[in-house]
Protein chains: 2
Amino acid sequence: MLSKKAQYAFRALTSLARNEGKGPLPISNIVKEHPMSVKFLETILLELRKSDILCSKKGKGGGYFLMSPPEKINLAQVIRILDGPIAPLKCVSLHFYERCDDCNEVSCGLNKLMAEVRDANLQVLEKRTLRDLI
Amino acid sequence: MLSKKAQYAFRALTSLARNEGKGPLPISNIVKEHPMSVKFLETILLELRKSDILCSKKGKGGGYFLMSPPEKINLAQVIRILDGPIAPLKCVSLHFYERCDDCNEVSCGLNKLMAEVRDANLQVLEKRTLRDLI
DNA sequence: GTTTAATCCCATAAAATATATAGGGTTATA
DNA sequence: TATAACCCTATATATTTTATGGGATTAAAC
(Lines give C-alpha, C1' and ligand atoms only; values in the text may rest on other atoms or scores of the structure.)
Protein backbone atom coordinates (compact mmCIF):
# COMPACT_ATOMS: atom_id res chain seq x y z
CA MET A 1 0.00 0.00 0.00
CA LEU A 2 1.09 3.55 -0.76
CA SER A 3 1.84 5.60 2.33
CA LYS A 4 0.02 8.87 2.97
CA LYS A 5 3.27 10.59 2.14
CA ALA A 6 3.29 9.13 -1.35
CA GLN A 7 -0.39 9.87 -1.81
CA TYR A 8 0.04 13.49 -0.75
CA ALA A 9 3.07 13.73 -2.98
CA PHE A 10 1.09 12.57 -6.00
CA ARG A 11 -1.63 15.10 -5.29
CA ALA A 12 0.87 17.91 -5.01
CA LEU A 13 2.67 16.72 -8.13
CA THR A 14 -0.62 16.78 -9.99
CA SER A 15 -1.01 20.48 -9.15
CA LEU A 16 2.59 21.16 -10.06
CA ALA A 17 2.30 19.32 -13.36
CA ARG A 18 -0.80 21.29 -14.27
CA ASN A 19 1.08 24.47 -13.40
CA GLU A 20 4.00 23.57 -15.67
CA GLY A 21 5.69 26.58 -17.25
CA LYS A 22 3.71 29.05 -15.17
CA GLY A 23 6.41 29.73 -12.60
CA PRO A 24 6.70 28.61 -8.97
CA LEU A 25 3.63 27.39 -7.15
CA PRO A 26 3.67 28.01 -3.38
CA ILE A 27 2.62 25.33 -0.89
CA SER A 28 -0.26 27.54 0.23
CA ASN A 29 -1.80 27.21 -3.23
CA ILE A 30 -1.34 23.45 -3.41
CA VAL A 31 -3.07 23.03 -0.07
CA LYS A 32 -6.03 25.05 -1.31
CA GLU A 33 -6.59 22.44 -4.02
CA HIS A 34 -5.74 19.42 -1.87
CA PRO A 35 -6.53 19.90 1.81
CA MET A 36 -3.71 18.54 3.96
CA SER A 37 -1.24 19.57 6.64
CA VAL A 38 0.98 22.35 5.30
CA LYS A 39 3.88 21.32 7.47
CA PHE A 40 3.68 17.70 6.45
CA LEU A 41 3.56 18.61 2.79
CA GLU A 42 6.52 20.89 3.33
CA THR A 43 8.71 17.97 4.39
CA ILE A 44 7.47 15.91 1.47
CA LEU A 45 8.24 18.56 -1.12
CA LEU A 46 11.63 19.12 0.47
CA GLU A 47 12.36 15.43 -0.01
CA LEU A 48 11.31 15.61 -3.64
CA ARG A 49 13.49 18.64 -4.19
CA LYS A 50 16.53 16.95 -2.66
CA SER A 51 15.89 14.01 -4.98
CA ASP A 52 15.84 16.30 -8.03
CA ILE A 53 12.18 15.89 -8.86
CA LEU A 54 11.37 19.47 -7.92
CA CYS A 55 13.07 22.86 -7.89
CA SER A 56 12.17 25.64 -5.52
CA LYS A 57 12.43 29.37 -5.40
CA LYS A 58 12.70 31.04 -2.03
CA GLY A 59 11.25 34.33 -0.86
CA LYS A 60 8.20 36.27 -1.82
CA GLY A 61 6.73 35.05 -5.08
CA GLY A 62 8.57 31.75 -4.61
CA GLY A 63 7.31 28.19 -4.54
CA TYR A 64 7.91 24.84 -6.17
CA PHE A 65 8.01 23.68 -9.78
CA LEU A 66 8.91 20.49 -11.61
CA MET A 67 12.54 20.01 -12.52
CA SER A 68 11.61 18.14 -15.72
CA PRO A 69 8.50 18.00 -17.87
CA PRO A 70 5.76 15.74 -16.48
CA GLU A 71 6.33 13.04 -19.08
CA LYS A 72 9.91 12.62 -17.86
CA ILE A 73 8.91 11.86 -14.27
CA ASN A 74 7.65 8.33 -13.82
CA LEU A 75 5.70 6.99 -10.86
CA ALA A 76 8.37 4.52 -9.84
CA GLN A 77 10.83 7.34 -9.15
CA VAL A 78 8.40 9.13 -6.89
CA ILE A 79 7.40 6.02 -4.97
CA ARG A 80 11.01 5.01 -4.38
CA ILE A 81 11.80 8.40 -2.87
CA LEU A 82 8.89 8.40 -0.45
CA ASP A 83 8.16 4.76 0.25
CA GLY A 84 11.38 2.99 -0.64
CA PRO A 85 11.48 -0.30 -2.53
CA ILE A 86 8.86 -1.28 -5.06
CA ALA A 87 9.92 -4.92 -4.91
CA PRO A 88 8.08 -7.03 -2.30
CA LEU A 89 11.40 -8.22 -0.83
CA LYS A 90 14.72 -6.43 -0.39
CA CYS A 91 16.51 -9.44 -1.84
CA VAL A 92 14.87 -8.84 -5.23
CA SER A 93 15.01 -5.05 -5.13
CA LEU A 94 16.94 -3.28 -7.87
CA HIS A 95 17.46 -0.03 -5.96
CA PHE A 96 17.40 -1.20 -2.33
CA TYR A 97 18.99 -4.63 -2.53
CA GLU A 98 19.92 -6.39 0.68
CA ARG A 99 21.04 -9.96 1.06
CA CYS A 100 18.50 -12.29 2.58
CA ASP A 101 20.29 -14.08 5.41
CA ASP A 102 17.51 -16.54 6.15
CA CYS A 103 17.27 -18.05 2.69
CA ASN A 104 19.49 -19.05 -0.15
CA GLU A 105 18.72 -16.91 -3.16
CA VAL A 106 19.64 -19.61 -5.64
CA SER A 107 17.28 -22.22 -4.26
CA CYS A 108 14.66 -19.95 -2.69
CA GLY A 109 11.45 -20.22 -4.66
CA LEU A 110 9.89 -17.12 -3.15
CA ASN A 111 12.72 -15.06 -4.54
CA LYS A 112 11.96 -15.95 -8.11
CA LEU A 113 8.25 -15.38 -7.76
CA MET A 114 8.72 -12.03 -6.06
CA ALA A 115 11.07 -10.95 -8.82
CA GLU A 116 8.20 -11.62 -11.21
CA VAL A 117 5.95 -9.45 -9.07
CA ARG A 118 8.54 -6.70 -9.03
CA ASP A 119 8.78 -6.77 -12.82
CA ALA A 120 5.02 -6.67 -13.23
CA ASN A 121 4.95 -3.54 -11.06
CA LEU A 122 7.80 -1.88 -12.88
CA GLN A 123 6.13 -2.52 -16.22
CA VAL A 124 3.40 -0.14 -15.14
CA LEU A 125 5.19 2.24 -12.79
CA GLU A 126 8.16 3.00 -15.02
CA LYS A 127 5.99 3.46 -18.08
CA ARG A 128 3.48 5.79 -16.45
CA THR A 129 4.44 9.38 -15.76
CA LEU A 130 3.03 12.52 -14.18
CA ARG A 131 1.58 13.28 -17.59
CA ASP A 132 -0.75 10.29 -17.17
CA LEU A 133 -1.86 11.71 -13.87
CA ILE A 134 -3.36 14.91 -15.26
CA MET B 1 6.94 -4.95 0.88
CA LEU B 2 5.91 -8.30 2.32
CA SER B 3 5.73 -8.29 6.12
CA LYS B 4 7.77 -10.76 8.15
CA LYS B 5 4.52 -12.51 8.89
CA ALA B 6 3.91 -13.19 5.22
CA GLN B 7 7.51 -14.24 4.69
CA TYR B 8 7.42 -16.66 7.61
CA ALA B 9 4.10 -17.94 6.35
CA PHE B 10 5.55 -18.71 2.94
CA ARG B 11 8.47 -20.56 4.48
CA ALA B 12 6.17 -22.64 6.63
CA LEU B 13 3.87 -23.29 3.69
CA THR B 14 6.83 -24.49 1.68
CA SER B 15 7.52 -27.13 4.34
CA LEU B 16 3.86 -28.04 4.52
CA ALA B 17 3.57 -28.32 0.75
CA ARG B 18 6.59 -30.61 0.61
CA ASN B 19 5.02 -32.70 3.34
CA GLU B 20 1.75 -33.06 1.44
CA GLY B 21 -0.02 -36.37 2.05
CA LYS B 22 2.38 -37.38 4.82
CA GLY B 23 0.14 -36.40 7.73
CA PRO B 24 0.34 -33.48 10.13
CA LEU B 25 3.60 -31.58 10.48
CA PRO B 26 4.16 -30.02 13.93
CA ILE B 27 5.45 -26.49 14.35
CA SER B 28 8.56 -27.84 16.02
CA ASN B 29 9.54 -29.53 12.77
CA ILE B 30 8.88 -26.48 10.64
CA VAL B 31 11.07 -24.38 12.90
CA LYS B 32 13.90 -26.88 12.52
CA GLU B 33 13.90 -26.20 8.78
CA HIS B 34 13.25 -22.48 9.02
CA PRO B 35 14.62 -20.91 12.19
CA MET B 36 12.10 -18.46 13.64
CA SER B 37 10.12 -17.76 16.80
CA VAL B 38 7.86 -20.71 17.57
CA LYS B 39 5.26 -18.51 19.24
CA PHE B 40 5.13 -16.06 16.38
CA LEU B 41 4.74 -18.85 13.85
CA GLU B 42 2.00 -20.31 16.01
CA THR B 43 -0.14 -17.19 15.60
CA ILE B 44 0.54 -17.14 11.88
CA LEU B 45 -0.48 -20.73 11.32
CA LEU B 46 -3.56 -20.19 13.45
CA GLU B 47 -4.54 -17.35 11.16
CA LEU B 48 -4.04 -19.52 8.11
CA ARG B 49 -6.13 -22.26 9.65
CA LYS B 50 -8.97 -19.87 10.44
CA SER B 51 -8.85 -18.73 6.83
CA ASP B 52 -9.13 -22.30 5.57
CA ILE B 53 -5.67 -22.57 4.10
CA LEU B 54 -4.55 -25.08 6.72
CA CYS B 55 -6.04 -27.82 8.86
CA SER B 56 -4.66 -28.87 12.19
CA LYS B 57 -4.68 -31.92 14.40
CA LYS B 58 -4.34 -31.45 18.12
CA GLY B 59 -2.54 -33.57 20.68
CA LYS B 60 0.43 -35.89 20.43
CA GLY B 61 1.29 -36.69 16.83
CA GLY B 62 -0.63 -33.64 15.74
CA GLY B 63 0.40 -30.67 13.65
CA TYR B 64 -0.61 -28.76 10.56
CA PHE B 65 -1.30 -29.75 6.98
CA LEU B 66 -2.63 -28.07 3.85
CA MET B 67 -6.38 -28.02 3.40
CA SER B 68 -6.03 -28.22 -0.41
CA PRO B 69 -3.30 -29.42 -2.73
CA PRO B 70 -0.49 -26.89 -3.23
CA GLU B 71 -1.58 -26.02 -6.78
CA LYS B 72 -4.96 -24.83 -5.45
CA ILE B 73 -3.46 -22.27 -3.07
CA ASN B 74 -2.32 -19.13 -4.81
CA LEU B 75 -0.01 -16.50 -3.41
CA ALA B 76 -2.60 -13.74 -3.52
CA GLN B 77 -4.81 -15.62 -1.03
CA VAL B 78 -1.97 -16.00 1.45
CA ILE B 79 -0.83 -12.39 1.18
CA ARG B 80 -4.35 -11.07 1.66
CA ILE B 81 -4.75 -13.04 4.87
CA LEU B 82 -1.53 -11.86 6.43
CA ASP B 83 -0.87 -8.44 4.91
CA GLY B 84 -4.25 -7.31 3.68
CA PRO B 85 -4.79 -5.57 0.37
CA ILE B 86 -2.63 -6.24 -2.64
CA ALA B 87 -3.80 -3.05 -4.33
CA PRO B 88 -1.70 0.03 -3.59
CA LEU B 89 -4.80 1.99 -2.51
CA LYS B 90 -7.93 0.89 -0.68
CA CYS B 91 -10.06 2.69 -3.26
CA VAL B 92 -8.92 0.27 -5.97
CA SER B 93 -8.87 -2.84 -3.81
CA LEU B 94 -11.11 -5.73 -4.83
CA HIS B 95 -11.19 -7.39 -1.40
CA PHE B 96 -10.63 -4.45 0.95
CA TYR B 97 -12.39 -1.62 -0.84
CA GLU B 98 -12.90 1.66 1.01
CA ARG B 99 -14.11 4.89 -0.46
CA CYS B 100 -11.47 7.56 -0.85
CA ASP B 101 -12.89 10.66 0.81
CA ASP B 102 -10.16 13.00 -0.33
CA CYS B 103 -10.49 12.39 -4.03
CA ASN B 104 -13.16 11.81 -6.61
CA GLU B 105 -12.77 8.32 -8.05
CA VAL B 106 -14.16 9.29 -11.41
CA SER B 107 -11.75 12.13 -12.05
CA CYS B 108 -8.82 10.98 -9.93
CA GLY B 109 -5.97 9.98 -12.19
CA LEU B 110 -4.05 8.11 -9.50
CA ASN B 111 -6.97 5.76 -9.10
CA LYS B 112 -6.80 4.53 -12.63
CA LEU B 113 -3.05 4.07 -12.60
CA MET B 114 -3.12 2.21 -9.33
CA ALA B 115 -5.80 -0.09 -10.66
CA GLU B 116 -3.36 -0.96 -13.43
CA VAL B 117 -0.72 -1.71 -10.82
CA ARG B 118 -3.15 -3.88 -8.90
CA ASP B 119 -3.96 -5.87 -12.02
CA ALA B 120 -0.30 -6.34 -12.88
CA ASN B 121 0.23 -7.79 -9.42
CA LEU B 122 -2.78 -10.05 -9.58
CA GLN B 123 -1.66 -11.41 -12.95
CA VAL B 124 1.29 -12.94 -11.17
CA LEU B 125 -0.01 -13.57 -7.66
CA GLU B 126 -3.24 -15.30 -8.65
CA LYS B 127 -1.54 -17.45 -11.24
CA ARG B 128 1.28 -18.62 -8.99
CA THR B 129 0.62 -21.22 -6.33
CA LEU B 130 2.40 -23.03 -3.54
CA ARG B 131 3.35 -25.61 -6.15
CA ASP B 132 5.57 -22.99 -7.80
CA LEU B 133 7.23 -22.42 -4.47
CA ILE B 134 8.65 -25.92 -4.08
C1' DG C 1 -5.26 -42.55 34.34
C1' DT C 2 -1.07 -40.16 33.95
C1' DT C 3 2.41 -38.31 31.10
C1' DT C 4 3.63 -36.12 27.09
C1' DA C 5 3.37 -33.52 22.97
C1' DA C 6 0.89 -30.98 20.44
C1' DT C 7 -2.57 -27.03 19.10
C1' DC C 8 -5.64 -23.15 20.90
C1' DC C 9 -6.56 -18.67 22.76
C1' DC C 10 -6.01 -14.19 24.48
C1' DA C 11 -3.59 -10.58 26.40
C1' DT C 12 0.12 -7.57 26.28
C1' DA C 13 4.91 -6.05 25.78
C1' DA C 14 8.44 -4.17 22.81
C1' DA C 15 10.10 -2.23 18.74
C1' DA C 16 9.71 -0.03 14.59
C1' DT C 17 7.55 2.98 11.41
C1' DA C 18 4.39 6.39 9.81
C1' DT C 19 2.22 10.62 10.59
C1' DA C 20 2.22 15.10 12.15
C1' DT C 21 3.75 19.30 14.54
C1' DA C 22 6.85 22.96 16.32
C1' DG C 23 9.92 26.59 16.07
C1' DG C 24 13.12 29.15 14.36
C1' DG C 25 16.38 30.22 10.23
C1' DT C 26 17.16 31.92 5.53
C1' DT C 27 16.08 34.25 1.25
C1' DA C 28 14.04 37.32 -2.09
C1' DT C 29 10.71 40.75 -3.42
C1' DA C 30 8.25 45.00 -2.99
C1' DT D 1 11.93 47.00 6.55
C1' DA D 2 7.90 44.14 6.11
C1' DT D 3 6.21 40.22 4.12
C1' DA D 4 5.83 35.86 2.08
C1' DA D 5 7.91 32.22 0.83
C1' DC D 6 11.12 27.98 1.45
C1' DC D 7 14.76 25.51 4.69
C1' DC D 8 16.10 22.59 8.40
C1' DT D 9 16.06 19.76 12.35
C1' DA D 10 14.09 18.01 16.22
C1' DT D 11 10.52 15.86 18.48
C1' DA D 12 5.87 14.43 19.58
C1' DT D 13 2.04 11.27 18.60
C1' DA D 14 -0.19 7.47 16.72
C1' DT D 15 -0.30 3.22 14.55
C1' DT D 16 1.35 -1.04 13.12
C1' DT D 17 4.41 -4.76 13.30
C1' DT D 18 6.83 -8.06 15.70
C1' DA D 19 7.25 -10.91 19.45
C1' DT D 20 6.34 -13.05 24.00
C1' DG D 21 3.85 -15.17 28.04
C1' DG D 22 0.91 -18.10 30.39
C1' DG D 23 -2.09 -21.03 30.61
C1' DA D 24 -6.25 -24.19 28.53
C1' DT D 25 -7.50 -27.95 25.70
C1' DT D 26 -6.87 -32.16 23.16
C1' DA D 27 -5.25 -36.72 21.88
C1' DA D 28 -1.96 -40.42 21.74
C1' DA D 29 1.13 -43.54 24.20
C1' DC D 30 2.39 -45.88 28.07
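Chain identifiers are assigned alphabetically (A, B, ...) following the order of the sequence lines, protein sequences preceding nucleic acid strands; residue numbering begins at 1 within each chain.
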Return whichever of A/K60 or A/K50 has its heavy-atom-nearest nucleotide of DNA chain D closer to the 5' end.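 Looking at DNA chain D, the more 5' nearest nucleotide goes with A/K60.
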
Show the numbers, then the answer: is there a side chain to side chain contact (heavy atoms under 4.5 Å, CB included) between A/M36 and A/Q7? CA-CA 11 Å; A/M36 61 178 113; A/Q7 289 179 57; over 6 Å; no

Distance, rounded to the nearest Å, where [X] contributes [atom1] and [N] contributes [atom2]:
| X | N | atom1 | atom2 | answer |
| --- | --- | --- | --- | --- |
| B/Q7 | D/dA19 | CD | C1' | 15 Å |
| A/I81 | C/dA18 | CD1 | C1' | 18 Å |
| A/K90 | C/dT17 | NZ | C1' | 12 Å |
| B/I27 | C/dC9 | CD1 | P | 13 Å |
| A/D83 | C/dA18 | CG | P | 8 Å |
| A/L16 | D/dC6 | CG | P | 10 Å |
| A/L2 | C/dA18 | CG | P | 12 Å |
| A/L54 | D/dC6 | CG | C1' | 12 Å |

Partners passing salt bridge (Lys or Arg N to Asp or Glu O under 4.0 Å) against A/K58 (at least two apart in sequence or in another chain):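 Per chain and number, A/K58 pairs via salt bridge (Lys or Arg N to Asp or Glu O under 4.0 Å) with no residue.
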
Salt bridge (Lys or Arg N to Asp or Glu O under 4.0 Å) partners of B/D83, counting only residues at least two apart: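 Listed in chain order: nothing, the list is empty.
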
How do A/K58 and A/S3 order along DNA chain C: which one's closest nucleotide is nearer the 5' end?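 The answer here is A/S3.
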
Taking only side-chain N and O atoms of [X], does any of them lie within less than 4.0 angstrom of OP1 or OP2 on [N]?
| X | N | answer |
| --- | --- | --- |
| B/Y8 | D/dA19 | yes |
| B/S28 | C/dA5 | no |
| A/Y64 | D/dA5 | no |

Flag, side chain of B/Q77 to backbone of B/N74, donor-acceptor distance under 3.5 Å: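 Here the side-chain-to-backbone pair exists.
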
Expected output is a numbered-order residue list: members of residues 34-47 of chain B with a heavy atom under 4.0 Å from any atom of DNA chain C. What is it?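 Contacting residues: B/K39, B/E42, B/L46.
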
Considering only NZ, NE, NH1 and NH2 on the basic side and carboxylate oxygens on the acidic side, decide whether B/K39 and B/E42 come within less than 4.0 Å.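 B/E42 and B/K39: salt-bridged.
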
Rounded to the nearest 0.5 Å, how far apart are CG of A/L2 and CG of B/L89?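 It comes to 5.0 Å.
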
Spacing of CG belonging to A/L66 relative to CD1 belonging to A/I73, to within rounding of 0.5 Å: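 Taking CG in A/L66 and CD1 in A/I73, the distance rounds to 4.5 Å.
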
Can you figure out which of D/dT18, C/dT7, C/dA30 approaches the side chain of B/K4 most closely?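 Nearest nucleotide to the side chain: D/dT18.
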
Residue B/R49, side-chain heavy atoms: nucleotide from C/dC9, D/dC6, C/dT29 that is nearest: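 Of the candidates, C/dC9 comes closest.
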
With heavy atoms under 4.0 Å as the rule, sort A/G61 into base, sugar-phosphate or nothing.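 No contact.
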
